[in-house]
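What follows is a short report on a single structure.
Everything quoted here is computed from the prediction, not taken from an experiment.
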Amino acid sequence: RIQAFGGCNRLAGGYSIESDRLTVGPMAATMMTCGDDVMVVERAFAAGLEGASTLRIADGRLTLRREGESESALEFA
């Protein structure tokens, strides 16, 4: 299971890792409402987690990149 906090709501879902591929299934979330600016970031965060991504761990950072995209979807320090 993966659990995350998106800035307003808690997110949870299943995942699998195979080699450098991370696949996150649909995420369940609490249903709190926050300001529009927080909700925009939270929706982008959840969208960045869901689906398939390649993962890379280097220099103390976890980077997730959507398949077929050149820019990182998410980066964690």
Side-chain angles (χ1 to χ4, degrees):
R1 304 247 334 134
I2 185 171
Q3 295 183 338
F5 178 66
C8 183
N9 290 285
R10 299 203 178 278
L11 309 163
Y15 76 95
S16 64
I17 296 177
E18 196 171 314
S19 185
D20 69 341
R21 182 182 170 96
L22 170 70
T23 303
V24 177
M27 303 286 284
T30 56
M31 301 295 287
M32 295 174 55
T33 301
C34 294
D36 289 343
D37 54 338
V38 174
M39 297 307 293
V40 166
V41 171
E42 185 169 275
R43 281 190 287 275
F45 175 64
L49 283 177
E50 288 184 2
S53 300
T54 57
L55 64 89
R56 180 174 180 252
I57 299 173
D59 301 323
R61 295 185 183 277
L62 166 64
T63 303
L64 302 180
R65 181 170 292 149
R66 303 293 280 188
E67 290 185 355
E69 294 183 10
S70 59
E71 292 185 27
S72 298
L74 297 170
E75 186 171 280
F76 302 92

Is there a path of hydrophobic side-chain contacts, each under 4.5 Å between heavy atoms of I/L/V/M/F/W/Y residues, joining [Y] to [X]?
X: Leu11; Y: Val41; result: no
X: Phe45; Y: Val38; result: no
X: Leu55; Y: Met27; result: yes
X: Phe76; Y: Val24; result: yes

Considering non-hydrogen atoms only, spot the tightest contact between [X] and [Y] and give its length.
X: Arg1; Y: Ala12; result: NH2-CB, 3.3 Å
X: Cys8; Y: Glu42; result: N-OE1, 2.9 Å
X: Ala47; Y: Arg66; result: O-NH1, 3.5 Å

Nearest 0.5 Å please: distance from the [atom1] atom of [X] over to the [atom2] atom of [Y].
X: Thr33; Y: Asp36; atom1: OG1; atom2: CG; value: 10.0 Å
X: Ile17; Y: Ser53; atom1: CD1; atom2: OG; value: 11.0 Å
X: Leu22; Y: Leu74; atom1: CG; atom2: CG; value: 10.0 Å

Check: Can you find a heavy atom in the side chain of Thr23 that is under 4.5 Å from one in the side chain of Glu18?
Finding: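 Of all side-chain heavy-atom pairs linking Glu18 with Thr23, none is under 4.5 Å.
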Next item on the list: Report yes if the side chains of Leu64 and Leu49 come closer than 4.5 Å at any heavy-atom pair, otherwise no.
Entry: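 Counting from C-beta outward, Leu64 and Leu49 do come under 4.5 Å.
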Note to self: Treating Asn9 as the side-chain partner and Met32 as the backbone partner, does any N or O pair qualify as donor plus acceptor under 3.5 Å?
What the structure shows: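 Answer holds: yes.
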Notebook entry, point to check: Taking Thr30 for the side chain and Arg10 for the main chain, is one N or O donor matched with an acceptor at less than 3.5 Å?
Noted result: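 Judged by distance alone, yes, a pair lies under 3.5 Å.
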Check: Just one of Arg56, Arg65, Arg61 clears the salt bridge (Lys or Arg N to Asp or Glu O under 4.0 Å) bar with Glu75, so which one?
Finding: Arg61
Next item on the list: Report, as yes or no, whether the 6.0 Å neighbourhood of atom CZ on Phe5 holds more than 12 heavy atoms from other residues, nucleotides or ligands.
Entry: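 Check passes, neighbour count above 12.
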